[in-house]
Amino acid sequence: MSIAIYPGSFDPVTLGHLNIIRRAASCFDQLIVCVMVNSAKQGMFTPEERADLLRRVTGNLPNVEVDRSNELLASYARRRGATVVVKGLRAVSDYEQEVQMAVINRKLNPQLETMFLASSDRYTYLSSTIVKEMARYGANLAGFVPPEIEEDVARRMRIIQGKEG
Ligand code: ADP
């Protein structure tokens with residue numbers, strides 16, 4: 001059975017992430033979308049909340065599982081029996097860091113291959129950071145995050161800004 005992992009911070013999941021998830025899920029028997037916990041970074045949503053949002057938007061994809069981990073990706077992959085890491089590439093700017101991580105991950109776990117999916121041209125400009133920036137100014141999030149979570153993102157930003165209790 002081919003098991004792949006799609007790791008990221010997903011704070012929050014965007015339509016760009018979801019596009020990669022759908023396409024990767026059709027390439028492998030099982031796709032594990034894993035929220036990697038980076039304790040140094042305080043996010044908009046907690047890792048558990050990010051995983052819940054991901055579960056909500058991938059519920060219709062039977063071979064997709066959502067998890068979260070604070071392990072090293074190479075160790076997590078070994079423990080889960082995964083042999084592939086999927087990464088989305090938006091622009092050349094993503095490339096250098098992603099290739100560096102791919103090489104390091106293969107050194108740590110020689111069974112682990114990293115595969116890159118080119119971002120859909122509709123989403124090359126899209127990142128969680130841009131979504132947060134838009135939410136900060138109360139912009140309409142339609143077309144940027146999955147419709148099921150638009151209100152969650154807008155509401156959380158209002159709470160952070162102290163506009164809602
Ligand atoms: P972000 O940069 O949006 O905060 P993450 O750290 O959650 O994203 O990214 C997880 C993975 O998803 C990375 O491989 C990243 O390159 C990819 N990714 C993020 N946004 C997009 C997008 N719009 N299109 C394709 N891949 C993306």
Side-chain angles (χ1 to χ4, degrees), residues 3-28 30-58 61 64-74 76-77 80 82-106 108-109 112-136 139-150 152-154 156-157 160:
I3 304 178
I5 297 179
Y6 178 39
S9 31
F10 306 108
D11 186 38
V13 56
T14 68
L15 286 175
H17 294 132
L18 192 57
N19 176 260
I20 298 288
I21 292 171
R22 287 214 180 94
R23 289 161 57 202
S26 71
C27 298
F28 301 97
Q30 194 191 0
L31 180 71
I32 304 171
V33 182
C34 189
V35 178
M36 303 308 285
V37 179
N38 178 352
S39 52
K41 232 162 74 180
Q42 164 89 33
M44 181 183 203
F45 292 96
T46 66
E48 189 45 53
E49 289 170 332
R50 294 177 211 175
D52 284 345
L53 295 175
L54 274 163
R55 280 191 196 100
R56 217 190 299 158
V57 302
T58 59
L61 300 169
V64 173
E65 175 195 328
V66 177
D67 195 9
R68 73 194 153 100
S69 170
N70 53 12
E71 283 166 77
L72 199 59
L73 180 59
Y76 176 79
R80 298 298 317 261
T83 51
V84 173
V85 173
V86 171
K87 287 298 193 106
L89 274 189
R90 280 165 291 197
V92 199
S93 49
D94 277 344
Y95 179 83
E96 201 173 347
Q97 200 199 355
E98 293 294 358
V99 169
Q100 185 183 18
M101 285 198 328
V103 170
I104 289 172
N105 280 330
R106 196 139 56 93
L108 295 172
N109 177 349
L112 197 57
E113 289 291 354
T114 301
M115 295 191 186
F116 296 103
L117 290 183
S119 174
S120 156
D121 56 358
R122 294 156 66 193
Y123 303 125
T124 42
Y125 59 88
L126 188 53
S127 69
S128 298
T129 305
I130 292 285
V131 164
K132 282 181 269 200
E133 197 60 17
M134 291 177 52
R136 192 164 293 131
N140 184 357
L141 299 177
F144 299 94
V145 299
E148 307 93 299
I149 73 159
E150 274 173 37
D152 299 75
V153 178
R156 175 56 55 94
M157 185 52 81
I160 291 171

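For ligands, and for the atoms within them, numbers begin at 1 and follow the listed sequence. Start at 1 with the first residue, then count along the sequence.
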Under 3.5 Å, N or O to N or O, is [X] touching ligand 1 that way?
X: G88; result: yes
X: T129; result: no
X: L126; result: yes
X: S127; result: no
X: H17; result: yes
X: T124; result: no

Find all atoms of ligand 1 within a distance of less than 4.0 Å from any non-hydrogen atom belonging to [X], and give their numbers and elements.
X: F10; value: 7 (O)
X: P7; value: 10 (C), 11 (C)
X: Y6; value: 11 (C), 12 (O), 17 (C), 18 (N)
X: S9; value: 5 (P), 6 (O), 7 (O)
X: K87; value: 14 (O)
X: E98; value: 14 (O), 16 (O)

Quiz item: Is the backbone N or O of A118 less than 3.5 Å from a side-chain atom of R23, with the two atoms forming a donor-acceptor pair by type?
Solution: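 A pair under 3.5 Å: yes.
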Practice problem: State the CZ-CZ distance between R55 and R50, to the nearest 0.5 angstrom. | Solution: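 Going from the CZ atom of R55 to the CZ atom of R50 covers 13.5 Å.
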Quiz prompt | Min heavy-atom dist T14 to ligand 1 below 4.0 Å | solution = no
Quiz prompt | More than 12 heavy atoms of other groups within 6.0 Å of R106 CZ | solution =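 No - once you tally the heavy atoms of other residues, nucleotides and ligands closer than 6.0 Å, there are 12 at most.
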Quiz item: Please walk me through it: do K132 and D11 pass side chain to side chain contact (heavy atoms under 4.5 Å, CB included)?
Solution: CA-CA 9 Å; K132 282 181 269 200; D11 186 38; 3.1 Å; yes
